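Here the structure is laid out as structure tokens; the discussion comes afterwards.
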Number of protein chains: 2
Amino acid sequence: MADINISRPAAGPDSRAAEASPGAPRAGELRWDIIELLFFAYRDFVGDADQELEAFGFGRAHHRVLHFVHRYPGLKVADLLDVLRITKQSLGRVLKQLLDEGYIIQKTGNNDRRQRLLYATPKGEALVARLAGLQTDRINRAIADIGPAGTETVRQFLRAMIDRDDPDKVLEAIFGSGKPATRA
Amino acid sequence: MADINISRPAAGPDSRAAEASPGAPRAGELRWDIIELLFFAYRDFVGDADQELEAFGFGRAHHRVLHFVHRYPGLKVADLLDVLRITKQSLGRVLKQLLDEGYIIQKTGNNDRRQRLLYATPKGEALVARLAGLQTDRINRAIADIGPAGTETVRQFLRAMIDRDDPDKVLEAIFGSGKPATRA
DNA sequence: AAGATATGTCAATATGGCTGACATAAATAT
DNA sequence: ATATTTATGTCAGCCATATTGACATATCTT
């Protein structure tokens, strides 16, 4: 039946160093393995939440909004747009649903009354925590084998994978960059 | 102006262990930090290719198809569907474009003439290599600080993040699982 | 010859992006 | 005080990519 010879990935026409040692490819060699691992890891990572979300009639977009509003209470709409890198029109539909269904509430800014500061409601907190629980289970399983030091290495790797130029508010918070968010 | 107090992420109502040591959260604590890092890291990782793809009139879907066809020459359509976890209708349009524009070719299977085995053309190889080059640059930058041992830790982590039940052909190849792909 | 399998295609629908245009309220600048 | 800019919201339409269901064809298996 199955007769595809898929046992060994091809290195491609550009495999300038096909026989390099597995851990340390030469300069110029492409990181096919890690590229592929990232694809599968992320696919299954977000897949955990997808199933739960479906039961609520939500999608990944709702999850992302709820996640960041939960994590950074009082987030402004404009900040959310920076973080998610979508337009306000795209955010609009998703955010409206979350507001209408009581997962998020808006509060008018104290200093600038034009702003709508976003907060997760208890209902929203419960959902986002449930989703994070599923993903945490997967992360804990993956981390179990590499220990605390390995976990810190993974964190360091992931941080270094992120663009640091033009960081949004959330990234500034994550990286504790030179200019911490000004306080009210 | 900016008056959002975003400097410290909230742990949420479920923060059963808000003061846990940073490297080793207690059982039950949610991995908010790694969840978030994965989001940003993957966002920027795929973002590299997005810009290039635009110039070709392609999207991420084309990239994924081209990547796996390149990496596993002779991949069957059915295998591709398993890997990408999309329907054949969704794959259809994207694959047709790649075929029409000469990035991929089909060859009739030798043993089973119903099968259409997929191969990247030189044109396709060139594009996928260019895209992988961009992503490799980012990976190499991220890896520079953690060394070969750290890189292996990251690989181990990513592998462990991937579902192992019901693996598709590609995952069998990656994990070299008990049942290597049957050969023709 | 019958049935199962691999692939392709038509049609309709949903999600989540996008651009452009426009409206309102509130802050800021002149 | 008026003008401009900013933060947000909304209407309308478009696009990419995913979905389901139905059906067609060629080919392999029984």
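Only a predicted model underlies this, so the values are computations on that prediction, with no experimental measurement involved. Side-chain atoms are counted along with the backbone in the values below, which use heavy atoms only and exclude waters and symmetry mates.
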Within less than 4.0 Å of OP1 or OP2 of D:dA18, is there a side-chain N or O belonging to B:R64?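 True: B:R64 side-chain N/O within range (under 4.0 Å) of D:dA18 OP1/OP2.
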side-chain hydrogen bond (donor to acceptor under 3.5 Å, both in side chains) partners of [X], counting only residues at least two apart:
X      : answer
A:R93  : none
B:D48  : B:R138
B:D44  : A:R85
A:R141 : none

Between B:E172 and B:K169, is there a salt bridge with N-O shorter than 4.0 Å?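 Looking at B:K169 and B:E172, the cut-off is not met.
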Quick one: side chains of residues 129-137 of chain B, donor-acceptor pairs under 3.5 Å with protein atoms, not counting sequence neighbours, listed by atom name and distance.
from	atom 1	to	atom 2	distance (Å)
B:Q135	NE2	B:F45	O	3.2
B:T136	OG1	A:R31	N	3.0
B:T136	OG1	B:A132	O	2.7

Residues touching DNA chain D, which here means a heavy atom under 4.0 Å, drawn from residues 83-107 of chain A: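 Heavy-atom contacts with DNA chain D come from A:K88, A:Q89, A:Q106.
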Strictly below 4.0 Å, heavy-atom distances to any atom of DNA chain D: list the hits from residues 52-61 of chain B, or just say none.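 B:G59, B:R60, B:A61, in order of number.
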Under the side chain to side chain contact (heavy atoms under 4.5 Å, CB included) rule, collect the residues that match up with A:A160, sequence neighbours excluded.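 Once residues adjacent in sequence are excluded, the partners of A:A160 under the side chain to side chain contact (heavy atoms under 4.5 Å, CB included) criterion are B:A142.
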Contacts of type side chain to side chain contact (heavy atoms under 4.5 Å, CB included), residue B:R64, not counting sequence neighbours: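 B:R64 satisfies side chain to side chain contact (heavy atoms under 4.5 Å, CB included) with A:F39, B:R60, B:A61, B:L84 only.
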May I have the distance from [X] (atom [atom1]) to [N] (atom [atom2]), rounded to whole angstrom?
X      : N     : atom1 : atom2 : answer
A:K169 : D:dA7 : NZ    : P     : 10 Å
A:Q115 : D:dT6 : CD    : C1'   : 10 Å
B:L80  : C:dA6 : CG    : P     : 15 Å

Side chains of A:H67 and B:E36, donor plus acceptor under 3.5 Å: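 A pair is found: one side chain offers a donor N or O, the other an acceptor, under 3.5 Å apart.
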Under 3.5 Å donor-acceptor pairs involving side-chain atoms of residues 97-105 of chain A, not counting sequence neighbours:
from	atom 1	to	atom 2	distance (Å)
A:Q97	OE1	A:H62	NE2	3.0
A:D100	OD2	A:K96	NZ	3.3

Please list, for nucleotides 25-27 of chain C, all pairs of protein and nucleotide N/O atoms separated by less than 3.5 Å.
from	atom 1	to	atom 2	distance (Å)
C:dA26	OP1	A:R113	NH2	3.1
C:dA27	OP1	A:R113	N	3.1

